[in-house]
Amino acid sequence: SAVISQKPSRDICQRGTSLTIQCQVDSQVTMMFWYRQQPGQSLTLIATANQGSEATYESGFVIDKFPISRPNLTFSTLTVSNMSPEDSSIYLCSVPSDRRQQFFGPGTRLTVL
Amino acid sequence: AQTVTQSQPEMSVQEAETVTLSCTYDTSESDYYLFWYKQPPSRQMILVIRQEAYKQQNATENRFSVNFQKAAKSFSLKISDSQLGDAAMYFCAYRSNPNSGYALNFGKGTSLLVTP
């Protein structure tokens, strides 16, 4: 299994600012996923981040709003840009395992005022 | 795109009793994976059980078992001898095969309450 940490665990931000969320994995992985979980809702995939290439974004998510970096095989960042209250969510990163399942980080709870 | 439907927003079970959470999905694929994840108030997503579509035998993990009906596209989770620690949101999820890079499609979740 993979151990995944995220920073920060939670934050309260002002409208119009940006927040960068870090995801660290204890092993090298080719692919990482970023999900958003809005209050009381399910998880929605934002993008897939491959090391050495541009992230692939799902419909409804754009790079200008959610830029992603993947500088190496154990680390990724997701930035939530120009935030509005609608961005208040839990953001989770995950990595696939060799058994087709996914391991998730503990999540970052973001509140935008 | 595959869709996952959980028709029970909330369920309640008494401690030591058995409860079944429902999940249906829509797909045109023949080979895929299904999962149940648990999310307690700590927010950590925890894998409960997984099922490969090519396997006819239902998966079992201790007190957790599934009823996988491939033709009906149904994947229910049975929790036996429920414990207070089972209280959480439960998400059913679908994953395509064979590309291991495919992400998960989640249902909306079922909130399980366990009463003493």
Side-chain angles (χ1 to χ4, degrees), chain A residues 1-6 8-11 21 23 29-53 55-61 68 70 88-111, chain B residues 1-10 21 23-25 29 31-55 59 61 64 66 75 88-112:
Chain A
S1 64
V3 177
I4 304 171
S5 60
Q6 287 186 232
S9 61
R10 62 177 63 222
D11 207 341
I21 302 168
C23 179
V29 292
T30 303
M31 223 165 249
M32 295 177 74
F33 302 102
W34 285 99
Y35 289 86
R36 180 177 73 180
Q37 186 179 22
Q38 294 178 300
Q41 301 297 313
S42 185
L43 282 72
T44 301
L45 181 66
I46 297 172
T48 302
N50 288 326
Q51 197 274 331
S53 63
T56 303
Y57 289 83
E58 298 299 304
S59 175
F61 298 96
I68 289 172
R70 186 79 205 276
S88 297
S89 298
I90 297 171
Y91 293 85
L92 301 103
C93 65
S94 74
V95 301
S97 80
D98 57 358
R99 296 192 67 211
R100 304 293 190 258
Q101 66 204 43
Q102 288 189 16
F103 298 108
F104 285 83
T108 295
R109 183 183 294 275
L110 170 62
T111 302
Chain B
Q2 296 80 18
T3 57
V4 179
T5 302
Q6 294 178 249
S7 59
Q8 306 155 314
E10 294 180 350
L21 308 184
C23 173
T24 59
Y25 57 95
E29 299 174 333
D31 195 12
Y32 48 86
Y33 294 84
L34 296 165
F35 305 90
W36 278 98
Y37 277 88
K38 168 185 176 181
Q39 187 181 40
S42 67
R43 307 194 305 264
Q44 180 71 57
M45 292 287 284
I46 302 166
L47 178 68
V48 175
I49 200 165
R50 66 194 291 270
Q51 174 80 45
E52 294 90 337
Y54 65 85
K55 289 187 177 179
E61 291 286 343
F64 299 88
V66 298
F75 182 61
M89 280 292 291
Y90 286 81
F91 293 98
C92 179
Y94 174 104
R95 211 219 74 174
S96 295
N97 198 42
N99 188 331
S100 63
Y102 284 0
L104 299 173
N105 289 331
F106 286 90
K108 292 186 179 297
T110 296
S111 178
L112 179 64

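These numbers come from the heavy atoms of this one structure, side chains and all, not from hydrogens, waters or symmetry mates. To find a chain, count down the sequence lines: A is the first, B the second, and so on, and within it residues start at 1.
Options A:Gly107, A:Gly40, A:Ser94 differ in how many heavy-atom pairs under 4.5 Å they form with chain B, and the most are formed by A:Gly107. Of the listed residues (B:Lys108, B:Arg43, B:Gln44), the greatest number of heavy-atom pairs within a distance under 4.5 Å of chain A belongs to B:Arg43.
Checked against the 6.0 Å centroid criterion, the rings of B:Tyr32 and B:Tyr25 qualify as a close aromatic pair.
For A:Leu92, the part lying near chain B is the side chain, with the backbone staying farther off; criterion is any non-hydrogen pair under 4.5 Å. Heavy atoms of A:Ser59 lying under 4.5 Å from chain B are absent altogether. Using a 4.5 Å cut-off between heavy atoms, A:Leu43 contacts chain B through both its backbone and its side chain. With a threshold of 4.5 angstrom between heavy atoms, A:Gln37 approaches chain B through side-chain atoms but not through N, CA, C or O. Of the atoms belonging to B:Gln6, not a single heavy atom falls under 4.5 Å from chain A. No part of B:Ser111 comes within reach of chain A, as not one of its non-hydrogen atoms sits under 4.5 angstrom from that chain.
A:Pro106 has its side chain out of reach of A:Phe104: every pair of non-hydrogen atoms, C-beta onward, lies at least 4.5 Å apart. Counting only heavy atoms from C-beta outward, the side chains of B:Trp36 and B:Cys23 approach each other to under 4.5 Å.
Taking CZ from A:Phe33 and CD1 from A:Ile46, the interatomic distance works out to 13.0 Å, rounded to the nearest 0.5 Å. One finds the CD1 atom of A:Ile21 at 4.5 Å from the OG1 atom of A:Thr108 (value rounded to the nearest 0.5 Å).
Not a single donor-acceptor pair under 3.5 Å links the side chain of A:Tyr35 to the backbone N or O of A:Ile90.
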